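Take a look at the structure below.
All figures in this text were calculated on a predicted structure; none of them were measured in a lab.
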Amino acid sequence: MDLPNSVLRRLAPREDDAGQELLKLLKDPFQGQLAAASLFSALGISLGFTAFIAICFSFVRPYNQAIYAPKLKHADEKHAPPPIGKKPWSWVTPLAKTNEAALMQQIGMDATIFLRFIRMCRNMFLVLALIGIGILLPVNLIKSVKKYGDGPPTDWTIQITPRDVYGEAQWAQVVVAWIFNVVIMVFLWFNYTKVLQLRRQYFESEEYQNSLHSRTLMLYDLPKQSRSDEGIARIIDQVVPNSSFARTAVARNVKDLPDLIDEHSHAVRKLEKILAKYLRNPDKLPPARPQCKPSKKDRAVDTYPKGQKLDAIEYYTQRIRDLEVEIKEVRASVDKRGTMPYGFASYTDIAETHSIAHACGKKKKKTQGATVTLAPRPGDIIWRNMPLSSATRSRRRWINNFWIAILTFLWVGPNAMIAIFLVNLNNLGKVWPAFRRSMDANQIFWGMVQGILSPSLMSLVYLVLPIIFRRLSIQAGDQTKTGRERHVMAKMYSFFIFNNLIVFSFFSTIWTFVSAVVQNTSEGKNAWDAIRTAKIADAIFLAFCNNSIFWVTYLLQRQLGAAIDLTQIWPLVHAFFLKKFSSPTPRKLIELTAPPPFEYASYYNYFLFYSTVTLCFAGIQPLVLLATAMYFCIDSYLKKYLILYRFVTKTESGGLFWRVLFNRFVLATILSNLVVMLTCWVRGVGTLTQFYAVIPLPFIMIGFKVYCRRAFDTKIRYYSTQNPGKMQEAVLQKENRLRSEKLSSRFGHPALYKPLITPMVHSKAQNLLPSVYRGRLTDGREAGAGDLVSVSGYSDMYALDAMQGGRPGKSANNVPGFEYVSESRMDFEYYKNRAEFTEQHGGGEMYGRPGTPVSVDEFSDRSLSRPASPLSGRSTPFSPGVPPRRMMTGMSDTSYSGGRPAAAPGYDQSARGRHPLYSQDNGSASGLVRHAAGVPVSHPSYARDGSVDRGRSSPGLVSGITSPPVGPGPSVGALGGGPRGYSGLAQNEDVESPDVDPTRYSYFRGGNRPVRPPGEGW
């Protein structure tokens, strides 16, 4: 039906008005803000909810230690945080009493630097707030123009800004800017010296002195003629000809071995999910068996019928078996392949190693095109990027920067809409009449919404940004994980500054400027004259002043975010829904109880962004200084609790984040100086004397940065910079030790020694699994039985991953290749010494053992005879449900009580103190039994149904001595559990002598030699 003309005439102006209104909003989106209401609502809600959340946390914390204090349970005595009582306020006392010296031992260097950075920001902004509010706020309030003509008086939130302050009063901006720069430089210099002291303590620490990476060099971009052990030594000799003897090792080409292991892990986890869902209720199985499509990476994918789904359990079982056989073959032939353009060189003396690295770093040109640096920790290396050439890395970085730039510019549009409509809800009312009527009727309510909605939405949107940036950086060619995190932080900081500060603040100004220039040029005016008449500087300054109150509310909301972070609501909700409404695998449930890694890149980026915004708006809106100081005062304690009791450092860099933080803080100070220069240009005296008085400040900050780099960076980076030629006398004394120890590096590619994970199944499905599994019930180890492959070459590994065949016995109801986990053992406590779990949760250092890669079968021990396992039919050194008795990672032959390992001979048990035999509960706190032999563990007998028979046990290793009963734990299938493959391919290496010191180089080889395969020579 056609509408009457009168109706059309009434509608047309409304549409035109809406369009014109949108154009006006694009020019000036910050008119008519509910400034005072949003400020007070943000302050009240932030402080009120923060206090409420903190009180709730205090009462909930004692009953949820698995979420709020997992490190109390899992860390060893050396790394364990201070104990906390059960009282609601007990968590506050350790935060005040724990000093930095203790933090170094408990949480590591990176976490200590993080807490120092927060304290620096807290103290700095408290001082700056005192100065800014004490000087700028009264000057602006007194000298500002309160009213223009017959117009309404300006809001008090605008009167405290310099928007309406003219002339000589702007000298206050100049004076405060100089004072701010001096205060910032003092704090940065003081903390630089403290970081230097912490680094020297880190160098002198026992862990660093005994680590292999501390005296190892990494060389990459090796030319073809130098890709050998001798070639590496010659490159170093060209730079430092007087250096001592070094053990060198060039990398070997592992080709597709890492991809195969990744596919194997993916297949195992996929099978675990399928079984967990299918066997969720063993008493009532689903009528249909799970089905799946074959993996696209499966080489046999073409052999399956196209478009037809397969039995998921049978497919992934066979897929795992095929991958393990292929991995075995590739590992056996790895020493026959070519070398790679990187390698390592190890020395006996840390000082000499660092001095050589310093000497190589001073060379402007690379030696034969190769780069020589200090080696990172083995777990820190991104192995897939090590073979990349310099040109490839450069190209990948360019591509990564290109995509980040695209993402940055694509976000301008949504960011502008947030700046226009959410920062000022009046703008939304101008284009939405119904909303306008509601807002007029409920001014207080919508003022509260405006103070909360926009900052909260911005925070939620940027939660996904770290994930995106990290995935982009993985492909950029970074060689270390910690270096990648530093680059992620730098890229995120640039993104935040451009989009959240510059575009968010100046989009309306830029739009007005461009539209004015276009309009003037269309009228025939000269383009340059159009640009001059647009007065871009005045427009930017007004935009700064008009939207400054938003940043106060935004920073006030950060306190609420810090309190929510303390409560760990998301982990609680995630764990609840995972257990109640899904079918989590045993592996997933175990990982939920582990201390999560701390996201340094994200938190550092937020702190730097808050600091930059505050410094830029300090001269415009002094209240931002108070809001930021309040935030850091609260978060400095909340983050300290989380780092002490919940989070762990996934990969320790030794405090190398500091330089990136320092450089960004210097940049933030320079940006704040530019804002002061803009204020003096627009509102200063006509002679621009105030403007010229601020010009030296950016150059002073640049000079300060150069001074700190020359004064501190070399000492922070290197343990010693002494000329290696002068150290020969000290080095020669250690030469015999080096040769006698037969130094070997553990910087081999993880694919060479990484244990293959075993599918985990809930023990309640143990008896049902044989009827569910329709594949063959053999273990698939007939081929190559008895073969023992010795892989020599890269990393000087011995008996690398010797995959022996054989057919272990199995109980009537067990299926080979599965590890059964009981409900009581689905806890990280029983698996924290397994690389497959600790890899994502802080490594092995904090759990009472050195972080050495496991290159042996953790369950083999040829030095002692064992009674046959009821499940495997072969000698085994452990009881089901108990961690392995013998480790190549710093633990000698151990005994267990209650599932905890005893100390290795010669190991200072007082440093651990977490073993029940040495706890105060057993009356042995004095260490009287420190050097006593551990109690052997007897093996429980098993019934035919796989359950533990408490009434019988196998004899102990020592007559008359039996261990306490071990509860039902992660019982094992025919493979014996642990880090083994599904098809039962053993992963053995010779075990060192019990008296070997794990801190010595020879610990990783001992005097043992691999067993020679029959009919083969060495």
Side-chain angles (χ1 to χ4, degrees), residues 211-241 243-255 257-258 331 334-350 352-361 363 366-393 477-481 483 724 738 741-754 791-798 800 852-853 855 1001 1004-1005:
S211 63
L212 187 58
H213 76 89
S214 64
R215 41 182 170 258
T216 303
L217 298 176
M218 181 173 72
L219 299 88
Y220 54 92
D221 294 337
L222 296 175
K224 290 185 178 180
Q225 65 273 16
S226 299
R227 295 179 184 178
S228 63
D229 294 352
E230 183 180 357
I232 292 176
R234 289 183 176 181
I235 289 177
I236 297 176
D237 288 342
Q238 289 186 15
V239 181
V240 188
S243 61
S244 65
F245 173 80
R247 171 72 69 178
T248 58
V250 69
R252 302 288 176 176
N253 187 1
V254 296
K255 290 191 176 180
L257 187 56
R331 281 178 168 173
V334 70
D335 60 333
K336 301 176 184 178
R337 304 187 177 187
T339 58
M340 302 299 288
Y342 66 95
F344 302 89
S346 297
Y347 295 82
T348 54
D349 189 73
I350 297 178
E352 182 188 17
T353 307
H354 284 236
S355 63
I356 294 175
H358 177 253
C360 295
K363 302 291 182 180
K366 298 180 180 179
T367 305
Q368 299 184 16
T371 302
V372 183
T373 63
L374 292 173
R377 298 170 183 263
D380 190 21
I381 299 176
I382 303 177
W383 296 96
R384 68 174 62 184
N385 289 339
M386 288 301 297
L388 300 179
S389 64
S390 178
T392 303
R393 291 195 303 272
D478 289 335
Q479 295 171 319
T480 62
K481 298 174 185 177
L738 171 65
E741 286 181 340
K742 298 179 181 179
L743 183 64
S744 63
S745 170
R746 64 185 177 103
F747 284 88
H749 198 294
L752 297 173
Y753 54 74
K754 185 176 183 179
V791 181
S792 61
Y794 178 54
S795 290
D796 204 16
M797 302 290 287
Y798 63 95
L800 177 64
T852 307
S855 56
Y1001 284 107
F1004 302 102
R1005 287 186 66 176

message: Going by the rule side-chain hydrogen bond (donor to acceptor under 3.5 Å, both in side chains), which residues pair with S226 if we only count those two or more places apart in sequence or in a different chain?
response: Q368
message: Under a 3.5 Å distance rule, please check whether N385 uses its side chain to pair with a backbone N or O of D478 as donor and acceptor.
response: yes
field: Distance (rounded to the nearest 0.5 Å) between L217 CG and I235 CD1
entry: 11.5 Å
message: Using modelled atom types and a 3.5 Å cut-off, is there a donor and acceptor pairing between side-chain atoms of N253 and backbone atoms of M340?
response: no
query: Would you say the side-chain atoms of R331 pair up with the backbone N or O of A751, donor to acceptor, closer than 3.5 Å?
result: yes
query: Which residues pass the side-chain hydrogen bond (donor to acceptor under 3.5 Å, both in side chains) test with T392, sequence neighbours left out?
result: S389
task: Taking side-chain contact (heavy atoms from CB on, under 4.5 Å) as the test, write out the residues that go with A375, two or more places apart.
output: T216, M218, F344, F747
- line: side-chain hydrogen bond (donor to acceptor under 3.5 Å, both in side chains) filter on R384, not counting sequence neighbours, yields none
message: So, applying side chain to side chain contact (heavy atoms under 4.5 Å, CB included) with Y347, which one of S244, S214, S355 is it?
response: S244
- line: L374 and T353 have their tightest heavy-atom pair at CD2-O, 4.1 Å
message: Please check if the number of heavy atoms outside E230 that lie under 6.0 Å from its CD is greater than 12.
response: no
task: Decide yes or no for R227 and P341: does some side-chain heavy atom of the first lie under 4.5 Å from some side-chain heavy atom of the second?
output: yes
- line: For T480, the side-chain hydrogen bond (donor to acceptor under 3.5 Å, both in side chains) test, sequence neighbours excluded, returns none
